[in-house]
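Residue numbers start from 1 in every chain, and the chains themselves are labelled A, B, ... in the order their sequence lines are given, proteins ahead of strands. Worth saying up front: this structure is predicted, and the values here are computed from it rather than measured. All heavy atoms count here, side chains included; hydrogens, waters and symmetry mates do not.
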Amino acid sequence: NAGVTQTPKFQVLKTGQSMTLQCAQDMNHNSMYWYRQDPGMGLRLIYYSASEGTTDKGEVPNGYNVSRLNKREFSLRLESAAPSQTSVYFCASSARQGGTQYFGPGTRLTVL
Amino acid sequence: AQTVTQSQPEMSVQEAETVTLSCTYDTSESDYYLFWYKQPPSRQMILVIRQEAYKQQNATENRFSVNFQKAAKSFSLKISDSQLGDAAMYFCAYRSAGTGTASKLTFGTGTRLQVTL
């Protein structure tokens, strides 16, 4: 039982490049979330998926897209990376909307 | 919008001693949840303790306990018998009892806890 896993752990991109961050959970949770963590700002919600087949914008969605591929997997895509997207990205899941959220280990992304 | 404030950027405690981390929040809602998460150098966000606003009894989890003052909108974390492994960044977080974007966690800016010998 790995909980929430994220790949990759580290990534360096050049401005304008695209990439997809992968997240998977093996806890049979319905809801999944993507947050970003910036220095001195705590974590902020980018997108979330209340259940398989649904996605909604969070607090800071601009520049990102998501896909809830199936119940287990929720990916975050940067179509054209910008230096402002340099951050640590966390995926989380909960059994239901409003349930306790459990986090993955994070991905440190640097955009040059 | 809800806000969470952690006014102590850094705290230090000696091993085996007790330390209290402060958190205040602002909300107009009556039903919500509060959390403390621990983030060690590994970067993993680990749930420490959770409190439901409708419960008057303070939550406890082994050496971790909270002092929840609903009227004052205060939610402090007490760590007893501090251990070296407690050294980490601690985040206070708020979540509405609602659904949709209301189910998101709102985090404070964190308190870095050092544990000394």
Give, for atom [atom1] of [X] and atom [atom2] of [Y], the distance between the pair rounded to the nearest 0.5 Å.
| X | Y | atom1 | atom2 | answer |
| --- | --- | --- | --- | --- |
| A:T100 | B:Y33 | OG1 | OH | 8.5 Å |
| B:M89 | A:Q37 | CE | CD | 7.5 Å |
| A:E59 | B:T106 | CD | OG1 | 6.5 Å |

Over-ring placement of B:R43 relative to A:F10, 6.0 Å and 45° cut-offs: yes
Sidechain-backbone polar pair: A:Y35 side chain, B:L105 backbone, donor-acceptor under 3.5 Å: yes
If you count heavy atoms of other groups shown closer than 6.0 angstrom to [atom1] of [X], is the number above 12?
| X | atom1 | answer |
| --- | --- | --- |
| A:K71 | NZ | yes |
| B:F64 | CZ | yes |
| A:R77 | CZ | yes |

Region of B:Q6 in contact with chain A, defined by heavy-atom distances below 4.5 Å: neither
pair A:F90-B:Q44: side-chain heavy atoms closer than 4.5 Å: no
Within the structure provided, determine whether A:L43 and B:M45 are in side-chain contact (heavy-atom separation under 4.5 Å). yes
Out of curiosity, does [Y] fall in the hydrophobic cluster containing [X] (side-chain heavy atoms, cut-off under 4.5 Å, transitive links)?
| X | Y | result |
| --- | --- | --- |
| B:Y94 | B:F35 | no |
| A:L76 | A:M19 | yes |
| A:L21 | A:F74 | yes |
| A:W34 | A:L45 | no |
| B:V19 | B:V48 | yes |

Could you look at [X] and say if it's the side chain, the backbone, both or neither that has a heavy atom under 4.5 Å from chain B?
| X | result |
| --- | --- |
| A:T107 | backbone |
| A:V88 | side chain |
| A:R44 | neither |

Could you go step by step and tell me if B:Y37 and A:Q101 meet the side chain to side chain contact (heavy atoms under 4.5 Å, CB included) rule? CA-CA 10 Å; B:Y37 280 89; A:Q101 294 178 27; 4.0 Å; yes
